[in-house]
Amino acid sequence: MSEPRKILVTSALPYANGPIHLGHMLEHIQTDIWVRFQNSMGNMCTYVCADDTHGTAVMLRAEKEGKTPEDHIKAMQEEHVRDFRGFLIDHHNYYSTHSEENRYFAELIYTRLKTNGHISTRTIRQLFDPEKEIFLADRFVKGTCPKCGSEDQYGDACEVCSATYEPNELVNPKSVYTGATPVEKESEHYFFTLPEFQGMLREWTRSGTLQDSVANKLAEWLDAELQEWDVSRDAPYFGFEIPDAPGKYFYVWLDAPIGYMASFKNLCDRRDDLEFDEYWKKDSKAELYHFIGKDIINFHALFWPAMLDSADFRKPDGVFAHGYITVNGEKMSKSRGTFIMAKTYLEHLNPEYLRYYYAAKLGAGVEDIDLSLTDFAQRVNSDLVGKVINIASRCAGFIKKGGGSLSDNVAEPEMLAAFQQAGIDIAGAYERREFSKAIREIMALADRANEYIQSKAPWVMSKEEGREQEVQDVCSMGIHLFRLIAIYLGPVLPAMSDKVKAFLNVDSLNFTDRETVLTGHAINKFKPLLTRIEMTQIDDLIEASKEDAAAEAKPGPKAAEKKKAESKQDKPEEGSQEIEFGDFAKVDLRVARVIEADHVEGADKLLKLKLDVGNGETRQVFSGIKSHYQPEDLTGKNVVLVYNLKPRKMRFGVSEGMVLAAGGGDELWVMEADSAVKPGTKIS
RNA sequence: GGCUAUGUAGCUCAGUUGGUUAGAGCACAGCAUUCAUAAUGCUGGAGUCGCUGGUUCAAGUCCAGCCAUAGCCA
């Protein structure tokens with residue numbers, strides 16, 4: 001056997017601003033399976049992670065909760081650790097970016113960058129909240145889009161027309177903290193001179209470190225011009241102050257990946273068999289891999305290797321991006337109850353179900369993974385309970401009757417050899433992170449094992465005199481096959497693996513054990529290894545998730561500086577929050593009569609309506625109902641208009657109000673008022 | 001708008017460098033079996049491989065355009 005590989009693996013650091021949900025779990029389950037597989041193969045694979053604790057969002061969250069940031073991140077970390085443990089994620093260390101080790105490495109790396117001339121400074125003008133005395137990141141300013149006139153848009157891009165711009169270009173900008181009108185203020189910022197690494201990055205991104213599609217994607221930037229990266233933020237900021245730069249702090253994304261080093265260093269200090277330099281020095285022979293979500297590729301495949309390069313550390317051998325989780329084919333949604341927290345899941349279902357299902361669907365690519373809940377239940381039940389566990393379950397009784405020990409004979413040596421041989425392909429699939437392929441092959445083995453037992457029908461033989469040994473041989477063979485399948489599933493199902501060890505009376509079920517055969521070996525009584533999923537459990541989980549979402553009061557601005565890390569999946573979707581009567585009373589609803597309705601040139605979804613709103617006044621309203629209504633269907637109808645909605649400039653003209661409709665998606669009905677009602681009548 | 005992906009049976013997905021009648025699991029139907037957590041085995045129906053063109057003796061696979069979906073644009 002070749003020399004064991006020394007491998008260091010990380011999952012992206014969860015942000016200390018919210019709970020772990022099933023999206024996070026995809027990444028940690030993927031990483032954990034890979035790490036367990038490596039160790040099962042006899043390699044020395046270390047897995048570290050940490051909470052990402054810095055930044056404005058954490059600072060404000062703590063402030064809102066009336067805590068210090070330190071107290072807040074400590075509580076968060078405890079929660080995160082508990083959730084990961086619940087899902088059997090075996091981080092060898094789970095640390096924090098708010099640690100002395102991380103401060104040390106952040107300062108060290110920064111100092112080296114600076115010494116190498118890779119830090120430049122220049123003064124930038126930025127919006128500033130004069131009430132709260134804080135600089136405003138793009139997402140903390142809202143106003144009217146300068147391109148299309150849409151209201152209430154973030155400072156970096158318009159969600160309506162997709163224009164991108166600078167926050168100071170917004171019309172009528174407001175701070176999301178205080179509502180104050182921001183002022184422009186100058187500040188000196190520190191920049192990392194990324195363009196100097198263009199050549200290195202071009203080569204590095206194409207050297208097998210990244211998935212092809214990711215490398216293609218990055219080529220967009222690398223073939224164009226890279227920009228310098230702003231790595232400083234002004235006080236007040238929760239983070240590390242930049243050496244020799246009072247009032248300036250490292251941007252959270254500078255010290256976040258350094259957290260991988262800090263966590264590993266912290267572990268090395270407690271372990272005799274791990275040495276930091278062996279893994280991080282420039283010419284390290286150890287392997288380093290980062291598992292991340294596809295949303296944070298830039299940070300890990302551009303900024304991070306460039307920083308490491310300048311600071312004279314080794315670069316990663318691989319950055320592996322995965323896609324997002326959808327539930328029942330759609331984005332996780334709070335109101336639908338599919339925004340599922342790790343904690344809530346664990347209160348209803350066994351973590352290994354999810355580990356198995358994710359594994360069964362994960363490939364090496366960046367495609368999104370759909371958690372289809374009915375498929376989930378069916379697949380887990382039929383694969384794990386119906387096929388795999390059934391093999392042991394149907395053989396164990398006969399073995400017990402025969403004395404409790406496996407036969408000295410191997411009934412089907414060729415079949416056994418084929419099962420052992422299959423381990424090579426399966427290992428290859430795990431290694432390449434093609435877990436779904438590994439699972440397919442394992443399930444094919446389980447099918448073959450069941451076919452074998454079926455064809456031999458030991459229950460028939462057991463009724464015939466003198467065939468006792470044959471029964472033992474066949475059922476022992478079944479157990480041998482089961483054991484191999486359990487070995488192959490071990491990285492995915494560690495808790496079940498432990499139960500199988502107890503059943504088979506063995507100490508280990510590693511890939512390296514697959515050549516041995518338990519002939520003549522005494523085994524223990526079979527106990528159920530896993531129970532089936534009931535659909536009611538899933539229904540309960542969805543219900544509980546809806547309650548979670550409702551309980552989570554969401555006043556105040558959504559802290560969003562870490563939007564890249566938290567991204568869409570964390571975006572609150574309004575459920576049905578209670579409102580005061582006063583809130584409702586603000587909406588002026590009136591009956592309006594459609595005078596004209598027309599198609600809009602160039603618009604896929606819109607119809608242009610001319611409405612009589614009483615007192616001789618008419619309004620022009622654009623309504624996204626083209627897919628369900630023809631203009632002639634609407635003319636002459638009385639509809640419900642939001643009379644006091646702010647006019648909104650759209651590409652095709654100004655829309656002065658909004659027509660109410662029920663439904664959405666496949667079904668949509670415009671709300672109509674009785675034809676007897678006069679246009680302009682108020683609705684209350 | 002530009003870019004990166006995805007689109008194959010009711011559902012979830014495989015389909016290697018283009019090569020015979022396009023596969024699996026689940027679900028469904030029938031039969032067998034009853035050792036097993038009603039698990040298992042056998043048989044079967046089911047697909048215009050998003051659409052339209054093109055290259056080729058041959059296209060799910062290559063090329064172009066279009067449509068839909070998702071994401072990215074620091």
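Letters A, B, ... are given to chains in the order of the sequence lines, protein chains preceding strands, and every chain is numbered from 1. A quick note: this is a predicted structure, and the numbers were derived from the prediction, not measured.
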At under 4.0 Å between heavy atoms, what does [X] touch on the DNA or RNA strands: base, sugar-phosphate, or nothing?
| X | value |
| --- | --- |
| A:Gln227 | base |
| A:Ile391 | nothing |
| A:Gly386 | sugar-phosphate |
| A:Leu529 | base |
| A:Asp368 | sugar-phosphate |
| A:Ile389 | base |
| A:Pro458 | nothing |

Between [N] ([atom2]) and [X] ([atom1]): distance, integer Å:
| X | N | atom1 | atom2 | result |
| --- | --- | --- | --- | --- |
| A:Lys400 | B:A36 | NZ | C1' | 15 Å |
| A:Asn390 | B:U37 | CG | C1' | 8 Å |
| A:Leu481 | B:C35 | CG | P | 21 Å |
| A:Lys294 | B:U4 | NZ | C1' | 9 Å |
| A:Ile453 | B:U33 | CD1 | P | 19 Å |
| A:Asp383 | B:C26 | CG | C1' | 8 Å |
| A:Gln454 | B:A39 | CD | P | 14 Å |

Between A:Asp425 and A:Lys437, is the salt bridge (Lys or Arg N to Asp or Glu O under 4.0 Å) condition met? List the steps. CA-CA 9 Å; A:Asp425 269 0; A:Lys437 186 160 189 269; 5.8 Å; no

Using the [atom1] atom on both, measure [N] against [M] and round to a whole Å.
| N | M | atom1 | value |
| --- | --- | --- | --- |
| B:G50 | B:U61 | C1' | 15 Å |
| B:U16 | B:C72 | C1' | 30 Å |
| B:G18 | B:C62 | C1' | 7 Å |
| B:U21 | B:G10 | P | 22 Å |
| B:G47 | B:A9 | C1' | 5 Å |
| B:U17 | B:G60 | C1' | 16 Å |
| B:G7 | B:U12 | P | 12 Å |
| B:U4 | B:C63 | P | 13 Å |

Scan every strand shown for a Watson-Crick or G-U wobble partner of [N], both distances under 3.5 Å, and answer none if you come up empty.
| N | answer |
| --- | --- |
| B:G41 | B:C31 |
| B:C49 | none |
| B:G25 | B:C11 |
| B:A59 | none |
| B:C73 | B:G1 |

If you assign A:Arg448 and A:Ala360 each to the RNA chain B nucleotide with the nearest heavy atom, which residue ends up on the more 5' nucleotide? A:Ala360

RNA chain B nearest-nucleotide lookup for A:Ile369 and A:Phe398: closer to the 5′ end is A:Ile369

Tell me whether the side-chain N/O atoms of [X] come closer than 4.0 Å to OP1 or OP2 in [N].
| X | N | result |
| --- | --- | --- |
| A:Lys361 | B:C13 | yes |
| A:Lys463 | B:C35 | yes |
| A:Arg379 | B:C13 | no |

Give a yes-or-no answer on whether the side chains of A:Glu228 and A:Ser120 include a donor-acceptor pair shorter than 3.5 Å. yes

Non-hydrogen side-chain atoms of A:Ile296 and A:Trp304 separated by less than 4.5 Å: no

Should the pair A:Arg233 and A:Phe135 be classed as cation-pi, given the thresholds of under 6.0 Å to the six-membered ring centre and 45° from the axis? no

